[in-house]
Structures are given as structure tokens and as C-alpha cells.
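What you see is a predicted model; the values in this text were computed from it and never measured. A note on names: the letters A, B, ... follow the listed sequences, proteins ahead of strands, and every chain is numbered from 1. Side chains are part of it too, since the values below use all heavy atoms of this structure and drop only hydrogens, waters and symmetry mates.
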Number of protein chains: 2
Amino acid sequence: MPVLISPSLDEARKELVVGLEARKLVVMVASCSVEYSGRTGSHLGEGERLVIVKGDGCILVHRGHDYQPVNWQPSGCIIQAHANDGTLVLKAVRPSPLESLTLVVKEIQFLGSFVLQDAAEFILHASEEEMQRAIILQPDMIEPGFKILDFEKKVPPGFVDVYGVDRDGNIVVIEIKKDPAGFPVIKQLLEYLKYLQAPPGRKLRPMIVAPSIAKGSQSTLAKSGIEFKQLTLQKAVEILQKYARSDQQALKSWL
Amino acid sequence: MPVLISPSLDEARKELVVGLEARKLVVMVASCSVEYSGRTGSHLGEGERLVIVKGDGCILVHRGHDYQPVNWQPSGCIIQAHANDGTLVLKAVRPSPLESLTLVVKEIQFLGSFVLQDAAEFILHASEEEMQRAIILQPDMIEPGFKILDFEKKVPPGFVDVYGVDRDGNIVVIEIKKDPAGFPVIKQLLEYLKYLQAPPGRKLRPMIVAPSIAKGSQSTLAKSGIEFKQLTLQKAVEILQKYARSDQQALKSWL
DNA sequence: GCCTAGGTCCCGTAT
DNA sequence: ATACGGGGCCTAGGC
């Protein structure tokens, strides 16, 4: 875990090269200027920043404020460090789309390189997918008698989240949102409808499943003939947990 | 610029509290577990990570790989550090939407706190806005005789990027994209058209200005009656530079 | 490779 | 405060 305090640029370059080679995490606090060129371009004059280089070839330049890095390059870059004219030049090139990030480092306060032991799995609960799973596991939460025919069903403009049939044989076309549903969802659903047909004598029932409807979209929804079924992430998670439990019980009763 | 190597949790907590108080940048390499709860929730078991806390109240937890942080909280959070049961607990609460991030730190390899001197301005070149400016500065790059009537013109579903008239008095409705234009742009433009009318005897000419058309959208575009005018970011930047130059010349000739 | 959709997206701007 | 669109968005999944 080498840590250098106010190293010379050449000491830093050596440690950086070693760190890159070993695919370590290198963290640096340094005064630098930054140029980006690729899909567009950017310029940032000299100033002190936090620079992070990761083993998978991504680089982040953070200022003293803001959530997002001011400049960066995602994973999969080729990163090189050169001495140049009394400065340390860090270059990160992304092959596709071809773009490059160049840091000219003038002075380094701190440089450390680390190997992070981290085997933990990251688990994210509750997303649109969980809502979809909840509906698929327990279709009658939409309404009694509702049956799933398909999900992620392909139509030319995209994918229908859930596609099913109600107790009267009408086709139900469901678009799921985990956030309050606004105009775009309504448009998207109406677009899908153009490519779907109900059997003779039956109807198409477009339906939005979401925690709520965005304020400004209430009236549009009413006019559009789209139904709304409330489902919060929390309720979806509860359903999934209930099923996880009953799955376990089903398993136990089998043994 | 205090830097602690393998500090005790209590030493680290003290330095962290001082750093937070002073709104410094605190960087930490530590073994920790992370819980997030808010719009959704997440869990990450123990492992070594890079933790960044900035003066504006944002926090980032980075693993040894990936561009994006595994957990985070954006600016404007209330961040606190407590000792708890032989661990150091870092909590970041975001008021709206209400959500919280909790790190339980077991062991610290490194902790540094920094004040970053950074007054530089960040300049990003060439975006959709640059393309719009290029068209506005030199309307006849669209076609000879084209005149601007308005831009960012409000229609119920959104804003028309550029709104103008051709040499024959037909209304040209332009939607600009910096990336290859696909289905969504076509839909958006057609949506806008519903709320626009040409003068009697004139036509509405919907037009997409973009570097290219997405492959799958070629036929849709053809059927839709929308025209396509190629403009790359690069060409837009050239036009802007030309005008910058001629502005300077105009200025010089004035003096 | 391109295209589509989702994200704890974040972020600014206008309402 | 909420809604809407843009982003060097990034990232994952299909084709």
C-alpha cells in the first residue's frame, strides 16, 4: 500500500506505472489541467483535483464539489503516464467511440495505490423489474381473473412490459413505471397499441401500472382511454417476499 | 493536508468530523459494508472500497472497478460520523427525496483530507446547443433562402428547436439531434406538427437536422414525410468559429 | 457493431 | 416543489 506525500513528478510517474501495470487502484490529489476530445471536447484549466485510476482502465477526475466527475473515461481504456517537459502527462484513450482524455499534472500532493479486497455481491432491491416480477407471480393483483400471455413482448417501437388477457378475453397491454407516470409513458403505450389487435369481439385494454400519475398527465390519461392501476415498489416487494416464503413452504412440503 | 495510514477508527472519526466541519474533501480507503434506503434500497456486504466525501455534502463509494460508484448520495446531504459498537458509522441523509446511505466501517487503510484550490472554469464544446447556434447564425446552411422565425418555440408537447420559413413561404419545423436520429425523434417531431399550421396555401415542412439517421429508422423517415438535413457537430463548430472570426473582423473594422 | 430501455440516473430550467 | 429534456450520460441486453 504505497503512499507518497508530495512526491516529485518522476517518483509519482514510476509509482503510477507500477500501479497501472498491477491493475491497482491509484488515487491522486494533484494540480492538473484536463483536455477531453471525442464525441465532443472540453477544456479545464489548472487546478487541484482528485484523480482516480482503476484497474479496469477507467479514470475519474473529481473537483472539490459535485457528485459527478468533471472529466472521466469509462472502463476499457488504455491509460499511459509519460514525463513531458517538466510535467506528468496522463492519457486515457477509449477505443470506441474513439476519444481521449489528457491530464497535464504539474504538482502532486498525494498519491496512493491500493489493492481492494472486495468479493461482496451488490444487491439492489426493487426496480421496475421487481414490479414486473410481482405482476407475473401474482397476475390477479392487477384484477381477478387476469392471466399473463407474454412479457417483454416485441412490437416494432419497443417491448410491451406485460401482455395478458382479462376474464372476458380482452387483451390487456401493461406498461410499468416505478416513478410517477407522465406524458412519455402514455405516448409510448399508445404507440405500442397501434401494433396490437384484440381477437374479434374483444377489446384492447391499455393499462399503466405505476405508483401514481404525474400531475399534468391526469387529463391526458383520462382522454386517452388508458387505465391506471396503482402499484408501489413497496407493495411489489411485499408480494415477492410473500412468494419467496410460499416457495420455501412449497419446497418444504415437497420434502 | 492530514494523511492517516491505518488509523484507529477513533482517530479516523475525529479527522473525518474535522474534515466534514471544514467542508474539506475526505478520501478514505476502508473495509466497510453499505446500505442504501430510499427510492429503492440496496445492500453491499463487507469489502474494501474507496470512499469520497466532498465539502458540498455528497458521498461516493467506489469499488476497485467500474466507472460508476456502487453506492452514493448526491450533493446536499447531511453527513455524520459516529462511533458505534467498535465500528465507525457514516450516514448520509438526503432530504428530498428522503433517502439515506449508511456505511459501517470496520477497518481503515488510509484516510486523507484535502482542500482543493481550483478556480478554473470548465468549458464543454459542441453540443446540441452549438448546432442550434450554428443554424441560427447561418440559416441558409439549411438551404438558400431559409429564414428563422423563432427557436425554442413552445408547443404543448415541448419545444420546437428551430422554427422558420423557406423561400416559398412554407413553414419549416426543425428538430436537432447531435447523435444519429432514431424513432423517438421522428415521433417527437410528428407530435409537434399536430400543434402547428402553415399559412393558407403553404406547407409544413418537418425536418430533422442530425449527423445521420439511425439505420432502422430510414424507412420510417421516408414514409413520415420528414426531410433530413445532415449536420455534424464538427461542421457546426466550424460555422461558429467562422462567425467568431467575422465578428472579430466586424469589431476591428468598427474601430 | 448498432439500437433500445433503464437508472437510487444527475442536472438545469421553467412552470 | 414538480415536471421535462439533455447528457461526452453509463450500462445491460438483443440482434
Side-chain angles (χ1 to χ4, degrees), chain A residues 34-42 58 60-61 66-76 92 94-101 122 124-132 152 154-161 175-185 187-188 212-218 233, chain B residues 34-42 58-61 66-77 92 94-101 122 124-129 132 152 154 156-159 161 175-185 188 212-217 233:
Chain A
V34 190
E35 303 296 326
Y36 157 74
S37 167
R39 285 166 289 178
T40 86
S42 75
C58 67
L60 310 167
V61 182
D66 297 339
Y67 161 78
Q68 61 165 73
V70 63
N71 279 110
W72 71 90
Q73 207 68 282
S75 307
R94 185 186 186 181
S96 169
L98 181 60
E99 42 191 2
S100 77
L101 184 70
F122 177 70
L124 178 66
H125 324 294
S127 60
E128 216 165 280
E129 194 187 339
E130 315 276 321
M131 293 174 72
Q132 189 186 39
E152 297 302 325
K154 181 77 185 118
V155 287
F159 298 87
V160 174
D161 286 335
E175 181 64 31
I176 301 169
K177 283 297 148 193
K178 73 170 183 58
D179 298 307
F183 285 110
V185 193
K187 279 189 238 170
Q188 190 181 355
S212 66
I213 296 290
K215 236 179 277 178
S217 306
Q218 295 274 11
L233 272 177
Chain B
V34 190
E35 304 296 324
Y36 158 74
S37 167
R39 285 166 290 178
T40 90
S42 75
C58 66
I59 180 167
L60 309 167
V61 181
D66 298 338
Y67 161 78
Q68 62 165 74
V70 63
N71 280 110
W72 71 92
Q73 206 68 280
S75 307
C77 290
R94 185 185 186 183
S96 173
L98 180 60
E99 44 190 0
S100 76
L101 185 70
F122 176 71
L124 178 66
H125 324 293
S127 61
E128 216 168 281
E129 193 186 340
Q132 189 186 38
E152 297 301 325
K154 180 81 186 113
F159 298 85
D161 286 337
E175 181 64 30
I176 301 169
K177 283 294 147 194
K178 72 173 184 55
D179 300 307
F183 285 110
V185 194
Q188 189 183 352
S212 66
I213 295 291
K215 235 178 274 175
S217 308
L233 271 176

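- Between Q68(A) and Q68(B), the residue whose closest nucleotide on DNA chain D is further toward the 5' end is Q68(A).
- Residue-level contact check: K154(B) touches neither bases nor backbone, having no heavy atom under 4.0 Å from any strand.
- The distance from atom NZ of K177(A) to atom P of dT8(C) is 13 Å, rounded to the nearest whole Å.
- Using a 4.0 Å heavy-atom distance criterion, S42(A) is classed as making no nucleic acid contact.
- Here D66(B) lies out of heavy-atom contact (under 4.0 Å) with every strand.
- With dG8(D), dC3(C), dC11(C) as the candidates, the nucleotide lying closest to the side chain of P74(A) is dG8(D).
- Nearest heavy-atom pair, A92(B) versus C77(B), reported as atom, atom and distance to 0.1 Å: CB-CB, 4.4 Å.
- Phosphate proximity of dG1(C) to S96(A): present, with a side-chain N or O under 4.0 Å from OP1 or OP2.
- More than 12 non-hydrogen atoms from other residues, nucleotides or ligands lie less than 6.0 angstrom from CD of E152(B).
- Nucleotide dA3(D) forms a pair with dT13(C), judged by Watson-Crick or G-U wobble geometry with both contacts under 3.5 Å.
- Rounded to a whole Å, the CG atom of L124(A) is 9 Å from the P atom of dC9(C).
- Among the nucleotides dC4(D), dT11(D), dT8(C), the one closest to any side-chain atom of L101(B) is dT8(C).
- K178(A) comes within 4.0 angstrom of sugar-phosphate atoms only, judged by non-hydrogen atoms across all strands, and of no base.
- At whole-Å resolution of the value, CD in E129(B) and P in dC11(C) are 19 Å apart.
- Nucleic acid contact class of G38(A) (heavy atoms, under 4.0 Å, all strands): none.
- Both geometric conditions, a ring-centre gap below 5.5 Å and a plane tilt below 30°, are not fulfilled together for F183(A) over the base of dC4(D).
- At a threshold of 4.0 angstrom between heavy atoms, the contacts of F122(B) with the nucleic acid are absent.
- In Q218(A), the CD atom is crowded: over 12 heavy atoms of neighbouring residues, nucleotides or ligands sit closer than 6.0 Å.
- Surrounding NZ of K154(A) are more than 12 heavy atoms belonging to other residues, nucleotides or ligands, all under 6.0 Å away.
- Backbone-only contact: E128(B) has heavy atoms under 4.0 Å from sugar-phosphate atoms and none from a base.
- Aromatic stacking is not marked for Y67(A) over dC10(C), as the cut-offs of 5.5 Å for the centres and 30° for the planes do not both hold.
- As rounded to whole Å, 15 Å separates atom P of dT8(C) from atom CD of E35(B).
- The shortest distance between the side-chain N/O atoms of R39(B) and the OP1/OP2 oxygens of dC9(C) is below 4.0 Å.
- Look at W72(A) and you won't find any side-chain N or O under 4.0 angstrom from OP1 or OP2 of dC9(D).
- Proximity note for P184(A) (side chain, C-beta onward) versus dG5(D), dC9(C), dT8(C): the nearest is dG5(D).
- Whole-Å rounding puts the E152(A) CD to dT4(C) P distance at 15 Å.
- Toward the 5' end of DNA chain D, the nearer of the two residues S75(A) and N71(A), judged by each one's closest nucleotide, is N71(A).
- We find that CD1 of I213(A) is positioned 11 Å from P of dC4(D), with the value rounded to whole Å.
- In this structure, E99(A) reaches the bases: a heavy-atom distance under 4.0 Å links it to at least one base atom across the strands shown.
- As a whole-Å value, the separation of Q73(B) CD from dC10(C) P is 9 Å.
- The side-chain ring of F159(A) is not stacked on the base of dA5(C), judged by centre separation under 5.5 angstrom and plane angle under 30 degrees.
- Note: NZ (K187(A)) to P (dT4(C)) measures 16 Å, nearest angstrom.
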